Engineer: 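Before we start, here is the structure in question, set down as structure tokens.
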Amino acid sequence: MKETRDSIADIWGPRTGYEGQWPERVDERVEEEPDHWVQSACVLCSNGCGCDIGVKDGRIVGVRGRAADSVNHGRLGPKGLHGWVANNSPDRLTKPLIRRNGQLEEATWDEAMSMIVSKSKKLIDEHTASSIGFYTSGQLFLEEYYALGIVGKAGLGTPHMDGNTRLCTATAAAALKVSFGSDGQPGSYSDLDTTEAILHVGHNIASQQTVLWMRVLDRLAGPNPPKLVVIDPRATYTAEKATVHLAPRVGTNIPVMNGLLHLIIEAGYINQEYIKAHTLGFEELKQVVAKWTPSRVEQLTGVPADKLREAARILGTCESLVSTALQGVYQSMQATAAAVQVNNLHLLRGLIGRPGSGIYQMNGQPTAQNTRECGADGDLPGFRNWGNEEHIQQLADLWNVHPDQIPHWSPPTHAMQLWRYCEQGSIKMLWISGTNPLVSLPDLARARKILAKEDLFVVVQDAFSTETTALADVVLPAAIWGEKTGCFTNVGRTVHISHKAVDPPGEARSDFDIFVEYSRRMDFRDKDGNPLLTSTWQTTEDAFNAWRECTRGRICDYTGMSYAKLTGGSGIQWPCNEQYPNGKTHLYEDGVFSTDIDYCETYGHDLETGAPRTKDDYKLLDPKGKAFLKGVDYEPPHEEPDESYPLWLTTGRLVYHFHTRTKTGRSKELHAAAPDSYVQLATEDAARYGIVEGDMIEVESRRGKILEPARVGDIEPGLVFIPFHYGYWDKSDRPRAANELTLTEWDPVSKQPHFKYAAVRIHKVHA
Ligand SMILES: Nc1nc2c(c(=O)[nH]1)N[C@H]1C(S)=C(S)[C@@H](COP(=O)(O)OP(=O)(O)OC[C@H]3O[C@@H](n4cnc5c(=O)[nH]c(N)nc54)[C@H](O)[C@@H]3O)O[C@H]1N2
Ligand SMILES: Nc1nc2c(c(=O)[nH]1)N[C@H]1C(S)=C(S)[C@@H](COP(=O)(O)OP(=O)(O)OC[C@H]3O[C@@H](n4cnc5c(=O)[nH]c(N)nc54)[C@H](O)[C@@H]3O)O[C@H]1N2
Ligand code: SF4
Ligand SMILES: [Mo]
């Protein structure tokens, strides 16, 4: 093995202090010298680092970072450098499987697809297309989502489509829509090169976006280091580097953020001119946050008043600011409301739409942005508004179908509701692609019961046998990254092309081919009787070109991009069109937001109840391009520790694994670095329970119980943490998945489930 550094021992690599222009550094790891390199980007998180895939004799032998790429300037992290070995794993799925007499048995593609098609047709005849649901991913390619979006919306006409992005970044989209009228991150990674201050809320960026953190570390090592404020209840890698670390009790982001905004307004650190010219709702926001004095915040959250003041001073006086929020916000109480307070901070200070200042309502998965853009989740393609008849007509024209064919009579079904419909029996066929819900959904006992139901026909499209494929009626073997061509967009609006480097193993096929084949076999037609997809959709490039047309005039404008243009250099940011042929680094430079009534992606919600607003309600507000400032008061979490379950549980990630480990668990080095799950508890709590490092602990909630070895330290007393990566596919001999314990609750606006808190009790089983 040849590698430029051991990224397991040295996660972020050597420092190059800088300000202004982040220097290049090409990270590489190959097991043999490749005979050629194929352009791609990494699909193991939303950072979207540009990389090349090394190929020798038709096999992937390694990766290297792309120096020319604006995202990473050549760097790659531990997952990026190791994850590719999963492609070569001998246990890939290579043939379709069909359940016969209770057993999954190998079948031909024709048998598998015929079974899915005849089941679909029968269900449509007997129960309408609303008996069919799709649960997809944040890890397929743009062309695949757009195909799926058209098949589901214009072909079948089912309202029941969502992705695991509901568990991941639904709140990012919701918060951007609430404040600015549309999805789309306002800033650029390059803002980190000059910014004076950085805020991370509920985001362990050092571990979860290792390459973006390298950029921060290099700034911290440079001539004018930015000040860093971190809000996280645990002493994470990120918190270690903080100028100020606020460690609130889980579920209390709203009091902390309200407290910060209150201090900033009170001290006069705000930009009155900007507020007046470009926002609505300042007085109401001011009133709501005024109640959150530092002492009241301290009482409720445990954050010392003087620390809150110190953080407010940094955030209130910096001339430029980059903020990020992620799962500690999105999967916690009052998710959208809390995420919106980060937007409010930037609006109040006028720190948006210019170099050095940006907001990242972060994504997690590599292609989550595209699930949202392409309409494979609850949103409509091109960030169109389901309540706006004109937007529906645009899609109907693009697809040449009648507008009533496209479900838009109510808000689209969100994932948690989709699973509920399966449980109740109104959805009778669920097609799962690129996600492993029997590890990643909350309350796993319930999820397993649903997928095992006799009257639910389950299709699972994956590259490996997983906890979820085990309960499928049909398993379709998928080609993955490196084995198919397609594009995807990182959280910074940067679009990359990933070219096919090698053939998929056995009979595995791309998700694109599978969805297009389904459309052909179902004989979906447009209103002139022509095939819906198959006449014009031969290749993913055809799909990309169709997608470009769908984005024309929308904020996520791809019309200036092509496969040719994306090939060769760096990724390109949208909007990219005639006006911005090389993409655009900042949105909203003129302070005109996407809130215009004819343009906006949503008419909004009541932030407390989640009730959608009508077009008429929206007319009364008439924002005409102004951003919304919205204040929300605190609500306690839906489950809190009590006498029977005295501890808080929170869950999350480790640097060495990606999700349910189907890829990273197959790397020898990553597996060795983090071979098993554990429960982390505070030193004080360990002493109280008589627990030492390594003892086997039973952790129990109202939903289930698991066994975990103990890790002691680096966490607030009263809180325990369990990484959620570890299920059962690799033959764990004990119950250990964190989601056996989590609850079925979700944010009223974004509908994102709450993975970040539950009440649990623990006891030592043996030393
Ligand atoms: N190594 C690695 N990287 C990844 C992934 C991975 O699986 N592994 N997955 C990718 C994906 S899809 C995602 S979504 C991202 C997620 O990236 P992150 O959001 O950074 O990851 P998490 O560990 O889920 O949660 C972040 C932090 O939230 C804190 N937290 C918990 N409750 C609260 C709270 O109430 N308030 C606050 N302020 N903080 C709280 C936790 O202590 C935790 O450190 O990572 C991406 N990158
Ligand atoms: N307790 C707790 N639970 C959580 C979270 C948490 O913080 N705590 N985080 C949540 C979040 S943010 C996320 S994103 C989810 C992630 O949860 P999942 O999406 O369920 O996790 P993955 O392991 O990424 O599953 C992706 C699956 O797709 C397969 N796959 C990869 N590439 C392709 C492809 O090209 N085509 C097809 N068809 N299949 C492919 C992989 O083999 C894998 O089985 O978990 C959520 N669950
Ligand atoms: S930071 Fe994310 S995209 Fe970049 S190499 Fe690591 S896992 Fe891949
Ligand atoms: Mo995620």
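In each ligand, atom 1 is the first atom listed, and ligand 1 is the first ligand listed. If you read the sequence from its start, that first residue is 1, and numbering goes on from there. If you're wondering where the values come from, they're calculated on a predicted model, not measured in any experiment.
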Engineer: Evaluate the side-chain proximity of Leu148 to Met161: yes if any heavy-atom separation is below 4.5 Å, no if none is.
Structural biologist: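 Contact flag for Met161/Leu148 side chains = yes.
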Engineer: I need the protein N, O or S atoms closer than 2.8 Å to atom 2 (Fe) of ligand 3, given as residue plus atom name.
Structural biologist: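 Within the sphere that stays under 2.8 Å of atom 2 (Fe) of ligand 3, the protein atoms of type N, O or S are Cys45 SG.
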Engineer: Do you see a donor-acceptor pair shorter than 3.5 Å between the side chains of Asp377 and Thr371?
Structural biologist: no
Engineer: State the atoms of ligand 2, each with its element, that fall below the 4.0 Å cut-off from a heavy-atom position in Asn436.
Structural biologist: 18 (P), 20 (O), 25 (O), 44 (O)
Engineer: So, Ser750 versus Thr171: side-chain donor-acceptor pair below 3.5 Å or not?
Structural biologist: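 Short answer, yes.
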Engineer: Can you tell which part of Thr435 has a heavy atom less than 4.0 Å from ligand 2: side chain, backbone, both or neither?
Structural biologist: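 Looking at Thr435 and ligand 2, atoms from backbone and side chain both fall under 4.0 Å.
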Engineer: Within ligand 2, which atoms have a heavy atom of Ala478 less than 4.0 Å away?
Structural biologist: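 Taking each heavy atom of Ala478 in turn, ligand 2 has 36 (N), 37 (C), 38 (N) under 4.0 Å.
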Engineer: Would you check if there is a donor-acceptor pair between the side chains of Gln369 and Asn363 at a distance under 3.5 Å?
Structural biologist: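 Indeed, the side chains of Asn363 and Gln369 share at least one donor-acceptor pair under 3.5 Å.
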Engineer: Thr367 and Asn370: side-chain donor and acceptor closer than 3.5 Å?
Structural biologist: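 On atom types as modelled, these side chains do not qualify, holding no pair under 3.5 Å.
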Engineer: State whether a side-chain donor-acceptor pair under 3.5 Å links Asn87 with Glu483.
Structural biologist: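 Judged by distance alone, the side chains do pair up.
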Engineer: Hey, which atoms in ligand 2 end up nearer than 4.0 Å to a heavy atom of Thr466?
Structural biologist: 44 (O)
Engineer: Among side-chain atoms of Ser40 and Trp481, is any donor-acceptor pair under 3.5 angstrom?
Structural biologist: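 Trp481 and Ser40 do have a side-chain donor-acceptor pair below 3.5 Å.
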Engineer: Is the Lys NZ or Arg CZ of Arg666 less than 6.0 Å from the centre of Trp729's six-membered ring, within 45° of the axis?
Structural biologist: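 Yes - Arg666 lies over the ring of Trp729, closer than 6.0 Å to its centre and within 45° of its axis.
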Engineer: Output, in order, the C-alpha distance, side-chain angles, deciding distance and verdict of side chain to side chain contact (heavy atoms under 4.5 Å, CB included) for Tyr656 and His671.
Structural biologist: CA-CA 8 Å; Tyr656 298 114; His671 173 76; over 6 Å; no
Engineer: Do the numbers put Arg711 on top of the ring of Tyr678, so that NZ or CZ is under 6.0 Å from the six-membered ring centre and no more than 45° off the axis?
Structural biologist: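 Geometry flag: set, cation within 6.0 Å and 45°.
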Engineer: Non-hydrogen atoms closer than 4.0 Å to ligand 1: which protein residues do they belong to? List them by chain and number, please.
Structural biologist: Cys45, Lys79, Cys168, Gly202, His203, Asn204, Ser207, Gln208, Ile231, Asp232, Pro233, Arg234, Thr236, Val250, Gly251, Asn253, Leu326, Gln327, Gly328, Ser332, Gly364, Gln365, Thr650, Gly652, Arg653, Leu654, Val655, His657, Phe658, His659, His725, Lys756
Engineer: Relative to Phe512, does Lys484 satisfy both conditions: NZ or CZ under 6.0 angstrom from the six-membered ring centre, and within 45 degrees of the ring's axis?
Structural biologist: no
Engineer: Do the side-chain N and O atoms of Gln334 and Asn253 include a donor-acceptor pair separated by under 3.5 angstrom?
Structural biologist: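 Per modelled atom types, Gln334 and Asn253 side chains form no pair under 3.5 Å.
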Engineer: Going by heavy atoms, is Ala479 under 4.0 Å from ligand 2?
Structural biologist: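 Right, Ala479 reaches ligand 2.
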Engineer: Please state which part of Ile480 comes within less than 4.0 Å of ligand 2, counting heavy atoms only: side chain, backbone, both or neither.
Structural biologist: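 Near ligand 2, Ile480 shows its backbone as well as its side chain.
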